[in-house]
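Here's the structure we're looking at; comments come further down.
The first residue in the sequence is number 1, and the count goes up from there. Quick note: numbers below take in every heavy atom, side chains included, and nothing from hydrogens, waters or symmetry partners.
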Amino acid sequence: MEFDNGDKRRRSGEFRELKVVTLAAICFMILSQADAFDPLDPTGNVTIRWDIMSWTTDGYMATVTVFNFQQYRTIMNPGWTIGWTWAKKEIIWTMMGAQATEQGDCSKFKLKIPHSCKRNPQVVDLMPGAPFNMQFNNCCKGGVLTSWGQDPSGAVSAFQIGVGLSGTSNKTVKLPKNFKLLGPGPGYSCGPAKLVPATVIPTDDRRRKAQALMSWNVTCTYSQFLASKNPSCCVSLSSFYSDKVTACPTCACGCQNNDTCVTKDSKLLQEDERVKTKKSDMTPKPLLQCTHHLCHVRVHWHIKDNYQDYWRVKIAIINFDYRLNYTLWNLVIQHPNLNNVTQVYSFEYMPLLPYEAINDTGMFYGLKYYNDLLMENGPKGNVQSEILMKKDKNTFTLKHGWAFPRRVYFNGEECMLPPPDSYPFLPNSAHRLLISASSIVASTIFASFFIWL
C-alpha cells in the first residue's frame, strides 16, 4: 500500500502527538510516585487488611481493619472513607462498626433486604455513641485515626462485613478492585488487593489464636501533590536579636482563597455562630480569615534566648479557619539541633528517626485533654510551646539563618517557608555578647504581638 505525501505528513503528525501524550502520562506517573515517597516517613502508609473469618450460605463474614502506619499524618474529622468495586455481583448483607453510604438498588430482593447492593460501595466509620448492637472492636471513632507515632492504639479502626453472592471458598472468592481511600480529602492512591498469609488473631482473653480463612491487604500512600496544588500552612520567623519579623509569603497558600475569606468584623461570622448552635451532619466548608498569606494555619518560630550552653525557641501554631478544629494535631520540624533537645514545655515530643544515623527531625503534639485540640480561629485558636536545646559548639551559630527550621509540616502537610534572604539578620556586634535583659523583654513583646496578627 502506498501513501501520498499528505497522508505521510498527517500520519507523522499523529505519531508525534501520540508520543507527546504518552510522554506526558509517563511524567505524571513519575511525579505522582516520587511525591508519594516521603523522606521523613519512607515506609508510612495506610494498610487495609481484609480477613475472611467464616463462610456463609452464599458468601462470607470478614473483618476489615484499617491501620494508619504513617508516623505523623493523621486522618482528621470527618474521617476516612473507603471505596472499592466488586469483582462479580457481590452484595453487602450486614455491617457492624461501619456503614455503606448508599444502599443502592435492592429491588430484586424480596424477603431479606441487603445493607447495600452498590457495585462500587463506599464505607464510613460509625460515630462515637453508636448503638451497642452495631459496634465492633476498634470501631466508632467517626473515622478519625491518630498517626502511628502519636498513638498506635488510636491509629487502628475495624469493622465487620457480611458479603453475599461472592463464592464460598478460597477458589471462588474474587478480590475487590479499584480501592479508594479518602482521609478525609483526596491525596491517597491505593494499590491492588494482594493475597497474604492468613492472619492469626488472638481471642479477647489471649488464651487462643484464631486464624483467618483467607486474607488480603491493600496499601495506600499519600501524596501532597495529589491532595492539593497549594500548601495549607505557612511559617513566619522572628528573633530576639532583630526587630524584623519575617512574615509568611504573600499568597503562600494560593490566592484563590481571597474570594471566600472574611474579615474579623464580617456579618457572615455572626450568622455562622448561630448555625453552629444547630446540629448538622454536614461537614462545614472552610471559612478563612482574610490575611496576606491566606493559609489555614500559621506556624511561628521565635528564637527567644541565647545562653552560654543552651538556646531557647518559642513555637506558636495559629488557626485562621473559623469553622475547623484540628483534633489530635501534630507538628513536624526538621532542624540539626533537634539531636540535643533538653526540654519541651507543654507539648509532647518524639524524635523521628527514619535513617537512625540522622537525628534532625522531631514531632510535636498536644498533651492529651490539655492542648491536643487546636480550636477554630479566635481567642483560643492557638497553641504554644518552648523548646530548650543544648548547643553543639562545633555547629551552633546565629548567623546565616542556621537557627531557623529547614522544613515544617503541620498534620502531615508541608508548610511554606519564607525565602532565606528574608530571614531576620544578625547584627554585626551580636557575636561579641549574649543577650541583655532589656533586649529579651523588648523582642518577646514584639514577637508576641506579631503572633496574633
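Of the residues listed (Gln343, Lys314, Arg312), the one engaging Glu386 in a side chain to side chain donor-acceptor pair (under 3.5 Å) is Arg312, and it is the only one. When each of Ser242, Pro424, Ser422 is paired with Leu237, the side-chain contact (heavy atoms from CB on, under 4.5 Å) condition holds for Pro424 and for no other.
For Cys139, the disulfide bond (SG atoms under 2.5 Å apart) criterion is met by no residue, not counting sequence neighbours.
Without hydrogens or angle criteria, Asn382 side chain to Ile317 main chain gives no donor-acceptor distance under 3.5 Å. The backbone N or O of Asn377 sits nowhere less than 3.5 Å from a side-chain atom of Gln289 that would complete a donor-acceptor pair. Checking side-chain atoms of Arg119 against main-chain N and O of Trp86 turns up a donor-acceptor pair under 3.5 Å. Side chain of Asn371 to backbone of Ser346: a donor-acceptor contact under 3.5 angstrom is found. Between the side chain of Glu348 and the backbone N or O of Met363, no donor-acceptor pair lies under 3.5 Å. Side chain of Asn319 to backbone of Leu324: a donor-acceptor contact under 3.5 angstrom is found. A distance-only check finds no donor-acceptor pair linking the side chain of Arg73 to the backbone of Phe69 [under 3.5 Å]. Looking at Gln135, its side chain does come within 3.5 Å of a backbone N or O of Ala130 through a donor-acceptor pair. Judged by distance alone, with hydrogens and angles left aside, the side-chain atoms of Tyr423 form no donor-acceptor pair with the main-chain N or O of Trp402 at under 3.5 Å.
Disulfide status for Cys234 with Cys415: absent, SG atoms not under 2.5 Å apart. Distance check for Cys220 and Cys190: the SG atoms are under the 2.5 Å cut-off. Cysteines Cys290 and Cys261 place their SG atoms closer than 2.5 Å to one another.
Side-chain rings of His296 and Tyr326 stay apart, their centers remaining 6.0 Å or farther from each other. Ring to ring, Phe347 and Trp329 are close: their centroids are under 6.0 angstrom apart.
Residues Trp301 and Ile333 meet the side-chain proximity criterion, which asks for heavy atoms closer than 4.5 Å. Looking only at side-chain heavy atoms (C-beta outward), Tyr72 and Leu40 come within less than 4.5 Å of each other.
Lys180 and Asn120 are not linked by any side-chain donor-acceptor pair at a separation below 3.5 angstrom, with hydrogens and angles left out of the test. Counting only N and O atoms by type, the side chains of His302 and Ser238 include a donor and acceptor under 3.5 Å apart. No donor-acceptor contact under 3.5 angstrom links the side chains of Asn68 and Trp80, judged on distance only. Defined by atom type and a distance below 3.5 Å, a donor-acceptor pair is missing between the side-chain atoms of Asn230 and Ser228. Thr219 and Asn217 share no donor-acceptor pair across their side chains, judged by distance under 3.5 Å alone. For the residue pair Asp51 and Ser215, a side-chain donor N or O sits within less than 3.5 Å of a side-chain acceptor on the partner.
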For a disulfide bond (SG atoms under 2.5 Å apart) check, start with the C-alpha distance between Cys253 and Cys233, then their side-chain angles and the critical distance, and finish with the verdict. CA-CA 7 Å; Cys253 298; Cys233 55; over 6 Å; no
side-chain hydrogen bond (donor to acceptor under 3.5 Å, both in side chains) evaluation trace for Asn45 with Thr221: CA-CA 5 Å; Asn45 66 78; Thr221 54; over 6 Å; no
Kindly determine whether Tyr409 and Asp41 satisfy side-chain hydrogen bond (donor to acceptor under 3.5 Å, both in side chains), including the steps that lead there. CA-CA 12 Å; Tyr409 296 75; Asp41 189 14; over 6 Å; no
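Atom CH2 of residue Trp148 and atom CD of residue Gln150 lie 13.0 Å apart, to the nearest 0.5 angstrom. To the nearest 0.5 Å, atoms CG (Asn340) and CG (Asp360) are separated by 13.0 Å.
Residues Tyr310 and Lys391 come closest through the heavy atom pair O-CE, 3.4 Å.
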